[in-house]
2 protein chains.
Amino acid sequence: MESMYLDKEQEHKMSAQRAKEEILSRADIEKVANIFQILADSNRLKIVLALLKGSMCVFHLAEVCECTQSGVSHQLRILRNNGIVKGKRFGKFMEYSIADGHIREIVEMGVAHLACVR
Amino acid sequence: MESMYLDKEQEHKMSAQRAKEEILSRADIEKVANIFQILADSNRLKIVLALLKGSMCVFHLAEVCECTQSGVSHQLRILRNNGIVKGKRFGKFMEYSIADGHIREIVEMGVAHLACVR
DNA sequence: TGAACATATGAACAATTGTTCATATGTTCA
DNA sequence: TGAACATATGAACAATTGTTCATATGTTCA
């Protein structure tokens, strides 16, 4: 007997074909995953959210994020190394700010998504 | 002597104040981080990218993603449990498709970001 | 110069995560 | 019914990640 779902199978095969043709390169997929990875930690996300309100120094970031200076510093390094934030020294302080123009949109997409999780 | 950067400090203080007032709740931040976490793995992202081209079954997903059936199944479970994809049985096959209307926008933001990483 | 402050960083550790292997479950069809 | 196929899942493991603690580095200012 013929499969009951031949048409479905055909449909899936076409989707798969299209996906294979249009899929991004391995390297590009890793880059995209990496962007999400960076935003995938509460503390890093908090830092980014805070900096989207305005530049500030490590001390304030630690305060806003309710975490230790060391913790913030470590996460800032990751954000810095990935071009998300940049730091500029003003005397004793380091002023951190958002370096990546697109990050606001990505984060806001994530936040907008909250509405439909509820 | 007064600090050389009193105005900067004032500015930072105001950003911090604003950030503290407007920051999302801890629970919301964790939800947003969680969305990004799910997209933070190459294989899961590949699965999502593939399904955005059209529904397909596990066999095809494994093929498109160049990974094992078991690997795909495990990742599909995570995607399912988080409402990103849904599965429907057709005979022997499970047809997976995107369940979350917003996911396309988020993923596309990430992909669009590629352009400015270069 | 040295004390005080702000930030960065290395090492160690626990926790989390992704993959693999083996096997269980679900479905079809002769 | 049982063989063949498609998918799911549990256990084990290696790898990655975030946090903490201690300390180093950089800067100011009396």
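Just so we're clear, the structure is a prediction, and the values are computed from it rather than from any experiment.
Partners of A:Arg80 by salt bridge (charged side-chain N to carboxylate O under 4.0 Å, His left out), not counting sequence neighbours: none found. Every side chain to side chain contact (heavy atoms under 4.5 Å, CB included) that A:Glu105 has, sequence neighbours left out, goes to A:His102, B:Met109. By the salt bridge (charged side-chain N to carboxylate O under 4.0 Å, His left out) test, B:Arg89 pairs with no residue at all, sequence neighbours left out. Residues satisfying the side chain to side chain contact (heavy atoms under 4.5 Å, CB included) criterion with B:Glu63, sequence neighbours excluded, are A:Lys20, B:Phe59, B:His60. In this structure B:Glu11 satisfies the salt bridge (charged side-chain N to carboxylate O under 4.0 Å, His left out) test together with B:Lys8, sequence neighbours excluded. Under the side chain to side chain contact (heavy atoms under 4.5 Å, CB included) criterion, B:Lys88 pairs with B:Phe90, sequence neighbours left out. Taking the ring-ring contact (aromatic ring centres under 6.0 Å, His included) definition, one finds that A:Phe36 meets it with B:Phe36, sequence neighbours left out.
Contact annotation: the side chain of A:Glu108 never approaches that of A:Leu52 to less than 4.5 Å [non-hydrogen atoms, C-beta and beyond]. Two residues are said to be in side-chain contact when any heavy atoms from C-beta on lie closer than 4.5 Å; A:Ile23 and A:Ile29 meet this criterion.
As a whole-Å value, the separation of A:Glu95 CD from C:dT7 P is 11 Å. Regarding A:His12, its NE2 atom lies at a distance of 14 Å from the P atom of D:dA6, rounded to whole Å. Atom-to-atom, CZ of B:Phe93 to P of C:dT27 comes out at 14 Å; the value is rounded to the nearest Å. Atom-to-atom, NZ of B:Lys88 to P of D:dA6 comes out at 19 Å; the value is rounded to the nearest Å.
One finds no side-chain N or O of B:Arg89 lying less than 4.0 angstrom from the OP1 or OP2 phosphate oxygen of C:dG26. A close approach under 4.0 Å does occur between a side-chain nitrogen or oxygen of A:Tyr96 and OP1 or OP2 of C:dA8. For the OP1/OP2 pair of C:dG18 and a distance below 4.0 Å, the side-chain nitrogens and oxygens of B:Arg44 include at least one atom meeting the criterion. Here A:Asn43 does not reach the OP1 or OP2 of D:dG18: none of its side-chain N or O atoms lies under 4.0 Å away.
Every pair tested for ring-ring contact (aromatic ring centres under 6.0 Å, His included) that includes a residue from residues 9-34 of chain B fails, sequence neighbours excluded, so the list is empty.
DNA chain C is contacted by both A:Arg80 and A:Lys92; A:Lys92 maps to the nucleotide lying nearer its 5′ end (nearest heavy atom per residue).
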Donor-acceptor pairs under 3.5 angstrom involving side-chain atoms of residues 67-77 of chain B: please list them, not counting sequence neighbours.
| residue | atom | partner | partner atom | Å |
| --- | --- | --- | --- | --- |
| B:Thr68 | OG1 | B:Gly71 | N | 2.9 |
| B:Gln69 | NE2 | B:Ser73 | OG | 3.3 |
| B:Gln75 | OE1 | B:Arg44 | NH1 | 2.9 |

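Across residues 46-75 of chain A, A:Cys57, A:Val58, A:Phe59, A:Gln69, A:Ser70, A:Ser73, A:His74 each have a non-hydrogen atom less than 4.0 Å from an atom of DNA chain C (numbered order).
Relative to the side chain of A:Met94, the nucleotides D:dG18, C:dT7, D:dG10 differ in distance, and C:dT7 lies closest.
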Using Watson-Crick or G-U wobble pairs with both distances under 3.5 Å, give me DNA chain C in dot-bracket, 5' to 3', with [ ] for crossers and | for pairs to another strand. ||||||||||||||||||||||||||||||
List every contact pair, protein side and nucleotides 14-16 of chain C side both N or O, where the distance is under 3.5 Å.
none

